[in-house]
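What follows is one structure encoded as C-alpha cells, with my remarks underneath.
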Amino acid sequence: MRYDEPETDADSAGSAEDTARYIADMVGALAAMAGEAKLDLLTYLLNMARVEAELQARQSEDEPTDD
C-alpha cells in the first residue's frame with residue numbers, strides 16, 4: 001500500500017486497519033529512536049500513540065463490512 005497516492009474505491013476496503021497498522025509501525029520506530037536518544041517524555045508519548053494505533057487497528061478488523 002502506498003500512502004503518498006490518493007485512495008481509490010477499490011483500496012478503501014480495510015484501509016482504516018491498514019492505515020492504523022502502518023501508523024503503529026512508524027510511530028514505534030520513532031519511539032525507539034527517541035528512546036535511544038534518552039528523550040523520555042517523547043518516547044512515552046510516541047509509545048502511547050503506537051498503542052492507540054494498535055487498538056484502532058484491532059477495532060477496525062473486528063467491525064463488520066457491508067459486503
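Each residue takes its place number in the sequence, starting with 1.
M48 is connected to L41 through a chain of hydrophobic side-chain contacts under 4.5 Å among Ile, Leu, Val, Met, Phe, Trp and Tyr, so both are in one cluster. Hydrophobic cluster membership is shared by M33 and I23, with clusters built from Ile, Leu, Val, Met, Phe, Trp and Tyr side chains linked at under 4.5 angstrom. Side-chain heavy atoms closer than 4.5 Å link hydrophobic residues (I, L, V, M, F, W, Y) into clusters, and following such links, possibly through other members, connects L46 to L39. Under the 4.5 Å side-chain heavy-atom criterion for grouping Ile, Leu, Val, Met, Phe, Trp and Tyr, M26 is not connected to L30 through any hydrophobic cluster.
Annotation: side-chain hydrogen bond (donor to acceptor under 3.5 Å, both in side chains) contacts involving residues 49-58, sequence neighbours excluded, comprise N47-R50, R50-E54, E52-Q56.
Closest non-hydrogen pair, A31 versus T43, comes out as O-CG2, 3.7 Å. When all heavy atoms of V27 and A49 are compared, the closest pair comes out as CG1-CB, 3.9 Å. Contact record, A57 with R21: CB-CG, 3.6 Å, taken as the closest heavy-atom pair.
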